[in-house]
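Notes to accompany the following structure.
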Protein chains: 2
Amino acid sequence: MVAGIRTPLPIEALAKPLPKAYQDLMATYKKLERHYRDMLDLEFTIQEGKLYMLQTRVGKRTGIAAVRIAVDLVKEGVIDKREAVMRVGPEQLAQYLYPIFDPKRESQHHAVGKGLPAGPGAAAGKIALTPERAVEMKERGERALLVRRETSPDDIHGMSASVGFLTAKGGMTSHAAVVARQMGKVCVAGCEALDVKDNGTIRFGTFTLKEGDALSINGFTGAVYAGEIPVVESEIIQVIQGNIKPEQSEKYRYFSTLLAWADGFRTLGVRANADIPDQAIIARGFGAAGIGLCRTEHMFFAEARVPIMQRMILAKTREDRERELAKLLPLQKSDFIGLYRAMKGHPVTIRLLDPPLHEFLPKREELMVEIARMELNQADPVRIEEKKLLLARIEELHEFNPMLGLRGCRLGITMPEITRMQVQAIMEAACEVTREGIRVVPEIMIPLVGLAAEMKAQKDLVREVAADTMRRCQTKFPYLVGTMIELPRAAITAEKIALEADFFSFGTNDLTQTTFGFSRDDAAKFTDFYMNRRDRCPRCLSREVDQKTMKCRACGLQLSGTPENILDADPFATLDQEGVGGLMRLAIERGRKGRPDIKLGICGEHGGDPASVAFCYDLGLDYVSCSPYRVPIARLAAAQAAIKTAGNGGAVKRRPARRSRPTSRRQTRC
Amino acid sequence: MVAGIRTPLPIEALAKPLPKAYQDLMATYKKLERHYRDMLDLEFTIQEGKLYMLQTRVGKRTGIAAVRIAVDLVKEGVIDKREAVMRVGPEQLAQYLYPIFDPKRESQHHAVGKGLPAGPGAAAGKIALTPERAVEMKERGERALLVRRETSPDDIHGMSASVGFLTAKGGMTSHAAVVARQMGKVCVAGCEALDVKDNGTIRFGTFTLKEGDALSINGFTGAVYAGEIPVVESEIIQVIQGNIKPEQSEKYRYFSTLLAWADGFRTLGVRANADIPDQAIIARGFGAAGIGLCRTEHMFFAEARVPIMQRMILAKTREDRERELAKLLPLQKSDFIGLYRAMKGHPVTIRLLDPPLHEFLPKREELMVEIARMELNQADPVRIEEKKLLLARIEELHEFNPMLGLRGCRLGITMPEITRMQVQAIMEAACEVTREGIRVVPEIMIPLVGLAAEMKAQKDLVREVAADTMRRCQTKFPYLVGTMIELPRAAITAEKIALEADFFSFGTNDLTQTTFGFSRDDAAKFTDFYMNRRDRCPRCLSREVDQKTMKCRACGLQLSGTPENILDADPFATLDQEGVGGLMRLAIERGRKGRPDIKLGICGEHGGDPASVAFCYDLGLDYVSCSPYRVPIARLAAAQAAIKTAGNGGAVKRRPARRSRPTSRRQTRC
């Protein structure tokens with residue numbers, strides 16, 4: 001049982017054969033759970049009809065169960081709301097967002113078997129009976145569903161290639177179950193009815209399927225279906241999208257109840273990173289109090305827009321560039337209108353164009369090869385010449401380290417017409433939506449500022465175009481101009497930059513890149529090793545170190561101690577509090593010297609990581625901004641950080657006079 | 001005269017026609033120079049035989065003249081040594097190092113003309129009569145010597161393409177003269193004998209030359225020669241190389257006298273960056289008290305070594321890699337032996353392998369094109385396959401931002417056998433030279449450390465190999481293990497890193513790259529503009545701004561004020577004291593917390609820039625390290641910084657107890 005290799009019966013199965021022991025067990029578990037005020041794991045044995053309790057501890061649970069238990073315990077008066085909020089791991093909320101089967105279609109199917117719901121979500125795919133087969137299917141672009149008697153570590157490559165696993169044997173702690181939850185895969189374990197034959201078929205009772213046939217598994221209920229049931233968004237997301245009414249979804253009620261309680265303790269604002277109206281709607285549904293980062297370049301990557309963007313980049317004169325920019329203006333404006341409408345008065349932080357321009361152009365090396373081929377094939381010289389001209393411009397834009405090149409505000413300063421177009425679109429859209437009666441608070445964000453003079457140059461331009469547009473549209477509304485803090489130099493010189501900026505938003509992705517000198521695209525080559533050095537020989541890097549004698553079996557080195565890991569966690573996932581966080585601390589301290597009421601946020605990936613959210617709370621930020629789907633996680637993490645600080649007797653120690661901004665801001669949380 | 005468009009006569013020419021005025025002038029100038037205690041520019045006029053003085057100021061002078069005047073004034077008892085040291089701009093010393101004509105060969109030539117020595121140095125090349133012609137010659141790989149009646153701003157492209165300029169008209173402040181000194185080109189201006197014809201010929205009296213003929217000009221004496229005289233190293237460098245005896249060179253005596261005086265005031269050590277023994281010899285000759293940076297990778301770029309390096313990189317197993325490394329070991333060891341011998345007991349800081357490995361391999365895109373061509377030409381499939389394998393490995397090593405990728409200590413940690421080989425070479429060489437009776441102080445420097453654990457891992461490895469080598473060789477000597485501080489994270493976490501490091505050397509090139517987020521290879525695209533924004537319209541970037549009405553003539557914008565420059569200076573040439581310097585300050589403060597007697601140096605390009613040297617002195621560094629040729633400049637700059645601080649009443653305020661290191665160090669300056 002404990003090893004997870006036997007499939008357990010439901011506890012009620014005990015009632016008939018051993019009624020006395022069953023009653024004792026029921027009485028004992030109620031007593032224990034009252035004592036521990038939580039759901040428990042119980043270990044027991046029954047010998048000659050007599051119940052012996054072996055051990056107990058607070059029980060492991062899925063995220064969905066954790067929320068349910070916490071909310072129920074509050075309703076039963078066992079714990080209070082504060083404790084309920086503390087009892088759910090923020091990361092566990094992610095389980096609410098897993099896809100499910102289309103409920104109507106699932107109800108039309110009859111389950112061929114039932115097992116334990118060991119990995120949440122819903123998966124449909126083709127049966128693979130070996131890991132090798134699963135890999136093959138994945139390579140052909142098919143969704144594989146790995147079906148095994150039980151899984152073992154040798155199956156890992158096949159498990160990784162599958163959308164889900166179904167096993168005949170094993171419980172909630174079996175290999176398949178543990179790996180599924182780690183990998184975020186769907187899993188039904190210990191399906192008793194399943195018989196995996198050696199001839200390439202599987203049977204559920206009398207019903208036979210063969211490798212390659214369609215199968216569907218429900219990781220929430222443990223149901224197994226023959227055939228492919230369409231997978232749809234999670235219930236929570238469907239409620240947010242308006243497909244299901246909130247009162248129809250029990251899951252949504254639990255989910256939103258706990259988050260509402262969390263908001264009661266939370267002081268840190270939570271915004272979302274959203275580039276298009278659809279994302280903004282999801283973000284609002286998850287409780288985001290604004291957009292903390294809209295990356296305007298994403299609007300240009302749409303298929304119809306890339307050619308205009310390319311012509312803009314390849315233009316030889318400012319006039320030609322302005323002509324193409326004029327075509328982008330209405331497209332960008334309509335994007336902003338959609339965002340403002342979706343956010344219904346909540347602030348929208350819009351970052352001006354950030355990436356290096358060559359990202360919009362064909363790849364240099366591919367074009368070089370193409371030209372070489374055309375020349376050898378004696379293609380039309382006019383077309384070759386065209387390609388060569390294009391290559392020449394790409395060569396001009398080529399950079400050895402694009403991450404550290406002509407991008408961010410450097411674009412807007414050297415090509416001010418790009419900034420002008422973007423600000424005009426932001427402002428014209430705001431005028432239009434304001435006239436619709438919707439409040440709009442654009443927060444224009446200048447990327448990659450390292451020098452106060454850069455900020456001033458761009459701010460002056462923004463103010464000029466904004467004033468001009470408002471005058472033309474005869475509409476007035478408040479707006480802010482701020483900057484990303486994403487370069488060490490910006491952090492060090494934050495006092496001067498704050499004199500020019502209404503707000504700072506920490507761009508911790510880039511700040512992590514420059515602080516560490518790690519390129520996010522390249523660093524995995526060594527950071528993976530940095531995080532897993534502990535179990536290797538420091539000389540030959542072999543894992544064959546005898547833990548007793550501390551001698552390497554591969555190269556013979558006598559180790560003087562256990563090698564240390566160089567990194568504990570991936571700094572792009574969890575904020576490096578010592579280094580990057582140290583620079584953030586400096587920037588806040590110095591930024592407030594320049595502008596005591598400066599608004600402070602974060603908009604890197606870290607804004608949705610619970611440990612990083614807690615750190616941002618400690619730093620005294622006004623808000624975190626993260627992917628829309630991580631907003632609930634950030635809300636819960638922020639509440640827990642506030643509760644923990646209060647518990648340490650520090651409920652009021654934070655948050656100085658930042659609320660007293662002159663700009664009228666309606667929302668209580670940004 | 002003042003406009004520089006007339007060629008002046010020597011002052012003695014006045015003696016005969018106007019003897020009274022001449023005597024008055026002589027008496028007045030002596031009186032004035034006594035009063036000002038310096039060489040003066042005098043403006044005067046003579047009307048009806050009577051001398052009128054118009055104005056006077058301290059005269060501009062070449063670097064060589066400045067040293068001579070300062071030293072002579074001390075000998076005449078007019079000023080003291082301290083004042084002499086302050087009177088020469090450190091950058092002016094560079095003029096001593098310009099190439100000269102081979103003296104024997106020059107004495108065999110008879111000058112065809114003589115002009116003003118307007119740009120120091122010696123240049124020989126082919127006559128170009130138009131800037132276009134000079135550009136053409138340069139493109140063909142020829143040395144062009146631009147010969148013009150006088151030059152104008154339209155000639156700039158041709159001036160830039162030439163090795164020197166000769167003009168018929170104009171004085172020391174003429175266009176040609178000013179541009180020459182700015183560009184560091186050789187110039188003889190106002191050569192009276194020169195007649196530039198319109199038919200593509202020039203005449204010196206009766207002597208005719210045509211475009212394309214060889215010509216030589218001496219920018220120290222103003223002499224012009226027909227034909228090409230071989231150019232050799234400067235007199236100073238020849239003394240250092242032992243080709244001329246010090247007592248034979250007046251220039252060297254003046255030069256070394258001033259620098260000896262400077263050393264009397266200087267407390268900041270000056271070292272040199274040198275990779276090979278030849279450079280080390282020059283460095284010692286210029287007074288470097290050690291090597292502050294030996295870049296070991298430069299030793300691998302030698303033609304015979306690159307193939308071994310490539311096989312090492314392409315090796316599939318550690319064993320194969322170690323086999324190739326074993327071949328590099330004796331080569332690297334012999335380099336170090338040369339360096340130690342040249343440095344005669346002064347410390348030698350050796351940086352372990354730093355650049356990304358793909359720098360040693362063929363270029364990815366070139367190989368891609370080559371393979372495409374081979375395929376189309378149906379080349380030998382075996383050879384194509386070989387190339388493809390090579391490409392595959394290059395692709396594996398390819399990085400989007402190599403500057404932020406697998407380099408520095410990341411190489412030594414993931415491939416410890418590279419560090420082992422390098423340390424073994426450093427230590428075996430030190431053993432050998434120690435046994436020759438020469439004191440050796442290797443300082444092993446770990447590059448690109450951002451995490452204390454990286455430093456610890458590499459330091460442990462270094463100590464292990466060092467102990468092992470010393471045991472094998474039965475020789476003992478002191479050595480240090482330290483790190484570069486070249487990442488913001490290293491500066492922020494310097495306290496922890498200092499616990500593992502004997503010294504810090506600020507790698508301000510890389511630190512500038514990461515602090516600003518500027519790639520040194522790419523940033524000129526926008527930094528040139530950043531430094532020259534002041535005179536442009538902020539909307540259309542045109543330079544056509546009417547300075548009176550502040551209206552742009554190109555786009556019509558009414559400017560509200562003069563646009564600001566974004567950058568005052570190139571941060572890769574002159575240290576950014578606010579940003580990069582701010583991080584250095586932090587690193588020093590925190591590093592000393594971790595290790596109070598930590599040794600501190602700088603080894604970026606900035607180590608030879610006078611303003612940056614002064615800043616390093618203020619920061620309290622132990623030494624600066626710069627290119628061998630900039631050592632005299634750094635020595636003088638360091639002396640001036642010390643004198644200035646003393647003048648501010650702060651002679652003793654700096655330099656805490658850093659001299660009390662446990663390691664025995666003989667030298668008084670590092």
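Each chain gets a letter, A, B and so on, in the order the sequences are listed, and its residues count up from 1.
From A/Glu366, atom CD reaches atom CD of B/Glu365 across 12.5 Å, with rounding to the nearest 0.5 Å. Note that CG of A/Leu487 and CZ of B/Phe518 are 8.5 Å apart. Values are rounded to the nearest 0.5 Å. The distance from the SG atom of B/Cys409 to the CD1 atom of A/Ile566 is 8.0 Å, given to the nearest 0.5 Å.
Contacts between B/Ala457 and chain A at a heavy-atom distance below 4.5 Å involve backbone atoms as well as side-chain atoms. Proximity to chain A (any heavy atom under 4.5 Å) is restricted, for B/Leu541, to the side chain, taken from C-beta onward. Only the backbone of B/Asn565 comes within contact range of chain A, with heavy atoms under 4.5 Å apart. With a 4.5 Å cut-off on non-hydrogen atoms, A/Arg407 does not touch chain B at all. With a 4.5 angstrom heavy-atom cutoff, B/Asp460 does not touch chain A via any of its atoms. With a 4.5 Å cut-off on non-hydrogen atoms, A/Leu567 touches chain B through its side chain but not through its backbone. With a 4.5 Å cut-off on non-hydrogen atoms, B/Arg318 touches chain A through its side chain but not through its backbone. Contacts of B/Arg536 with chain A are absent, with no heavy-atom separation under 4.5 Å from either backbone or side chain. B/Leu397 touches chain A through its backbone: at least one of N, CA, C or O sits under 4.5 Å from a heavy atom, while the side chain does not. Only the side chain of B/Arg420 comes within contact range of chain A, with heavy atoms under 4.5 Å apart. Interface remark: B/Leu586 contributes side-chain atoms only to the contact with chain A (heavy atom separation under 4.5 Å). For chain A, the nearby part of B/Glu464 is the side chain; its heavy atoms alone come within less than 4.5 Å. Heavy atoms of A/Leu511 lying under 4.5 Å from chain B are absent altogether. Using a 4.5 Å cut-off between heavy atoms, A/Asp576 contacts chain B through its side chain alone, with no backbone atom that close. When heavy atoms are compared at a cutoff of 4.5 Å, B/Phe529 approaches chain A solely by way of its side chain, counted from C-beta outward.
In terms of non-hydrogen atom pairs under 4.5 Å with chain A, the most contact-rich of B/Thr419, B/Ile492, B/Ile413, B/Asp522 is B/Asp522. The candidate from B/Gly408, B/Gly579, B/Pro563 with the greatest count of non-hydrogen atom pairs under 4.5 Å with chain A is B/Gly579. In terms of heavy-atom pairs under 4.5 Å with chain A, the best-connected choice from B/Gly582, B/Cys555, B/Gly405 is B/Gly405. The most heavy-atom pairs under 4.5 Å with chain A, out of B/Arg533, B/Glu454, B/Glu417, B/Glu322, come from B/Glu454. Between chain A and the residues B/Gly517, B/Ala490, B/Ser560, the largest count of heavy-atom pairs under 4.5 Å involves B/Gly517.
Between A/Leu376 and B/Glu375 there is no side-chain heavy-atom pair separated by less than 4.5 Å. By the 4.5 Å heavy-atom criterion applied to side chains, B/Leu404 and A/Leu404 are counted as neighbours. Taking the side chain as every heavy atom from C-beta outward, B/Glu564 and A/Lys456 approach each other to under 4.5 Å. Contact check for A/Leu451 versus B/Tyr530: side-chain heavy atoms found under the 4.5 Å cut-off. Counting heavy atoms from C-beta outward, B/Glu578 and A/Arg489 have side chains that approach closer than 4.5 Å. Residues B/Phe400 and A/Arg520 form no side-chain contact, since every pair of their non-hydrogen atoms from C-beta on lies 4.5 Å or further apart. Under the 4.5 Å side-chain criterion, counting only non-hydrogen atoms from C-beta, B/Lys525 is not in contact with A/Arg410.
Of the possible donor and acceptor atoms, one in the side chain of B/Asn401 sits under 3.5 Å from a partner among the backbone N and O of A/Met403.
More than 12 heavy atoms of other residues, nucleotides or ligands lie within 6.0 Å of CG in B/Asp320, so this atom counts as buried by the packing criterion. Annotation: A/Gln558, atom CD; neighbour count of heavy atoms from other residues, nucleotides and ligands within 6.0 Å is above 12. In this structure, B/Asp521 places its CG atom where more than 12 heavy-atom neighbours from other residues, nucleotides or ligands lie under 6.0 Å away. Atom NZ of A/Lys459 sits in a crowded spot, with more than 12 heavy atoms from other residues, nucleotides or ligands closer than 6.0 Å.
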